[in-house]
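For reference, the structure is listed below as structure tokens.
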2 protein chains.
Amino acid sequence: MTRADFSDMKIGKGVEWAAHSCALLALLPANAALALEALADFIGVPSPYLAKQMQLLSKAGIVKAKRGVAGGYKLARLPETISLWDITGAIDGTTPSFRCTEIRQKGSCGASSDEVLTACKIAASFKHAEDKFRQELNNVKLPELVAGIAQDVSDQRKSRIKTWIEQNAAFST
Amino acid sequence: MTRADFSDMKIGKGVEWAAHSCALLALLPANAALALEALADFIGVPSPYLAKQMQLLSKAGIVKAKRGVAGGYKLARLPETISLWDITGAIDGTTPSFRCTEIRQKGSCGASSDEVLTACKIAASFKHAEDKFRQELNNVKLPELVAGIAQDVSDQRKSRIKTWIEQNAAFST
DNA sequence: GCATTATGGATATTTTTTATCTTTAATTAA
DNA sequence: TTAATTAAAGATAAAAAATATCCATAATGC
Ligand code: FES
Ligand code: FES
């Protein structure tokens with residue numbers, strides 16, 4: 001049972017890490033990969049735990065992992081095809097946040113099971129609201145994210161990041 | 001520290017109970033109230049725990065509690081002014097689901113705190129999505145909820161419910 | 001073969017949620 | 001005024017989930 005089987009719309013902090021990791025990987029040249037240690041160093045989080053998030057991203061087909069010398073992570077597909085919802089879903093799962101326990105059928109005036117044909121209006125309303133939530137996140141693709149994050153970064157820091165990448169990325173020959 | 005101070009967009013099962021409780025209270029005549037025990041019996045949940053939800057609804061000004069003989073709960077305001085978001089917020093709190101820990105400022109290429117003027121694009125995107133979620137729930141008022149739930153209830157059961165209310169509600173003289 | 005790097009599983013810790021109980025305060029009716 | 005009734009508040013306990021780490025294993029390139 002992976003963690004994703006359980007989660008719901010509550011957003012774990014792993015999502016923040018994963019999203020920033022993807023944003024960084026999007027800056028890499030096509031022939032480069034970043035090892036877990038380098039990634040954790042850049043993001044500033046403990047690597048053993050970040051490893052879990054990266055594994056989930058890998059299983060979801062968002063990043064591609066390569067083992068061995070000069071291995072590491074890179075994006076598995078074009079940044080334009082990766083949305084914030086994809087990342088959220090990979091880390092936290094896609095289980096709906098509202099859990100209807102069918103209390104309509106309980107209690108002294110509970111309905112019989114053959115009477116409840118449609119979803120309860122309450123549950124349906126939450127489902128609808130969650131759809132909006134999901135759609136909104138699905139509209140935010142990686143390039144937009146990268147651009148938004150870059151807005152706040154000074155030219156000086158941008159070049160520092162560029163240098164860091166050159167020094168820490170593993171380039172395939 | 002109340003529970004509401006901590007919660008986020010993850011929806012606890014208490015919300016389902018509270019929403020159905022409000023839907024029931026909306027059926028009451030203006031001069032009637034329902035005691036906790038009766039409410040718990042109708043909904044089919046343990047009363048000690050439901051008490052907590054009712055207290056939260058009371059504190060939020062959604063229901064009005066009256067102690068003593070012939071006391072109980074009734075709606076504190078017009079059903080038209082009570083939304084599903086009001087109920088959700090009262091029970092689960094309104095803390096945003098996404099927690100930005102400002103990892104921009106961490107790690108080997110972290111930005112200095114005076115450099116991050118605006119909210120991180122990632123955090124901003126989640127905030128935007130959550131706003132949509134909230135708006136959607138805020139558009140669902142109690143009358144719509146009651147009507148939606150009633151759709152699935154047979155005439156026979158409707159009259160059973162009506163009888164139950166007459167027998168279990170406390171009417172002020 | 002050897003060094004390197006991700007994977008998967010197991011496990012530990014902490015936090016949050018869920019559930020219950022007990023004491024206190026308020027209200028009304030007799 | 002007294003007794004019965006009912007909600008409020010707080011303490012606490014049990015269960016579940018999130019968070020964090022470690023280790024043995026498998027894959028990869030030299
Ligand atoms: S029965 Fe589950 S929300 Fe109404
Ligand atoms: S720093 Fe928190 S989401 Fe980017």
Side-chain angles (χ1 to χ4, degrees), chain A residues 1-18 21 33-41 45-60 63-74 76 91-93 95 97 99 101 168-173, chain B residues 1-18 21 33-41 45-60 63-74 76 91-93 95 97 99 101 168-173:
Chain A
M1 274 185 302
T2 70
R3 174 170 164 220
D5 291 333
F6 280 122
S7 348
D8 47 47
M9 201 150 56
K10 175 179 187 178
I11 312 299
K13 69 170 62 163
V15 173
E16 189 188 5
W17 303 0
S21 295
L34 262 185
L36 176 69
E37 291 301 331
L39 207 42
D41 169 62
V45 298
S47 62
Y49 190 27
L50 181 61
K52 286 301 177 206
Q53 329 297 342
M54 296 314 293
Q55 279 173 35
L56 289 170
L57 288 177
S58 176
K59 272 201 269 192
V63 305
K64 200 163 29 180
K66 192 173 150 197
R67 305 194 203 191
V69 182
Y73 297 100
K74 56 170 63 179
I91 305 295
D92 258 15
T95 313
S97 73
R99 294 159 288 172
T101 60
N168 291 275
F171 296 89
S172 58
T173 52
Chain B
M1 275 185 300
T2 69
R3 174 172 164 218
D5 291 332
F6 281 120
S7 345
D8 46 49
M9 201 148 59
K10 175 179 185 177
I11 311 299
K13 69 169 63 162
V15 173
E16 188 187 6
W17 302 0
S21 295
L34 262 187
L36 177 70
E37 290 302 332
L39 206 43
D41 170 63
V45 299
S47 63
Y49 190 28
L50 181 62
K52 287 298 178 208
Q53 329 297 341
M54 296 313 294
Q55 281 172 33
L56 290 171
L57 288 177
S58 176
K59 272 202 270 191
V63 305
K64 199 162 31 181
K66 190 173 149 196
R67 305 194 203 191
V69 181
Y73 295 100
K74 58 169 62 179
I91 304 297
D92 259 15
T95 312
S97 73
R99 296 159 288 172
T101 60
N168 290 275
F171 296 88
S172 57
T173 51

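What's counted below: heavy atoms across the whole structure, side chains too, no hydrogens, waters or symmetry copies. The shown structure was predicted, so the numbers you read here are calculated from the model rather than taken from an experiment.
Donor-acceptor pairing under 3.5 Å is lacking for the side chains of A:Gln53 and A:Ser21.
C:dT28 atom C1' lies 18 Å from atom CZ of B:Phe171, rounded to whole Å. Straight-line distance from the CD1 atom of B:Ile11 to the P atom of D:dA17: 16 Å, rounded to whole Å. To the nearest angstrom, P of C:dT18 lies 14 Å from CG of B:Leu50. If you measure from atom CD1 of A:Ile91 to atom C1' of D:dA17, you get 17 Å, rounded to the nearest angstrom. Across the protein-nucleic acid pair, B:Gln53 atom CD and D:dA9 atom P stand 15 Å apart, rounded to whole Å. Between the C1' atom of C:dT15 and the OH atom of A:Tyr49 lies a distance of 12 Å, rounded to the nearest Å. Rounded to an integer number of Å, the gap from A:Leu56 CG to D:dT19 C1' is 13 Å. Atom-to-atom, NZ of B:Lys52 to C1' of C:dT17 comes out at 14 Å; the value is rounded to the nearest Å.
With values rounded to the nearest 0.5 angstrom, B:Ser97 atom OG is found 4.5 Å from A:Ile11 atom CD1. A:Asp41 CG to A:Leu50 CG: the interatomic distance, rounded to the nearest 0.5 Å, is 11.0 Å. Taking CG from A:Leu57 and OH from A:Tyr73, the interatomic distance works out to 9.0 Å, rounded to the nearest 0.5 Å. Distance CG/A:Leu34 to CG/A:Leu39: 6.0 Å, rounded to 0.5 Å. Note that the CE atom of B:Met54 and the CG atom of B:Leu36 stand 7.5 Å from one another [nearest 0.5 Å]. The line from CD1 of B:Ile91 to CD of B:Glu16 is 12.5 Å long, rounded to the nearest 0.5 Å.
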Could you go through nucleotides 5-8 of chain D and list every protein N or O atom that sits under 3.5 Å from one of its N or O atoms, giving the distance for each pair?
from	atom 1	to	atom 2	distance (Å)
D:dT6	O4'	B:Gly68	O	3.3
D:dA7	OP1	B:Leu36	N	2.7
D:dA8	OP1	B:Ser58	OG	3.3
D:dA8	OP2	B:Tyr73	OH	2.5
D:dA8	O4'	B:Arg67	NH2	3.1

Identify all pairs in which a protein N or O lies below 3.5 Å from an N or O of nucleotides 13-15 of chain D, and state each distance.
none

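B:Ser58 approaches B:Ala65 most closely through the heavy-atom pair OG-CB, 4.2 Å. Across all non-hydrogen atoms, the minimal contact from B:Ala40 to B:Pro46 is CB-C, 4.5 Å.
In this structure, A:Arg99 reaches the C:dT18 phosphate: one of its side-chain N or O atoms is under 4.0 Å from OP1 or OP2.
Between the side chain of A:Lys59 and the base of C:dG8, no donor-acceptor pair under 3.5 Å is found.
The residue B:Pro48 sits close to a base: some heavy atom pair falls under 4.0 Å.
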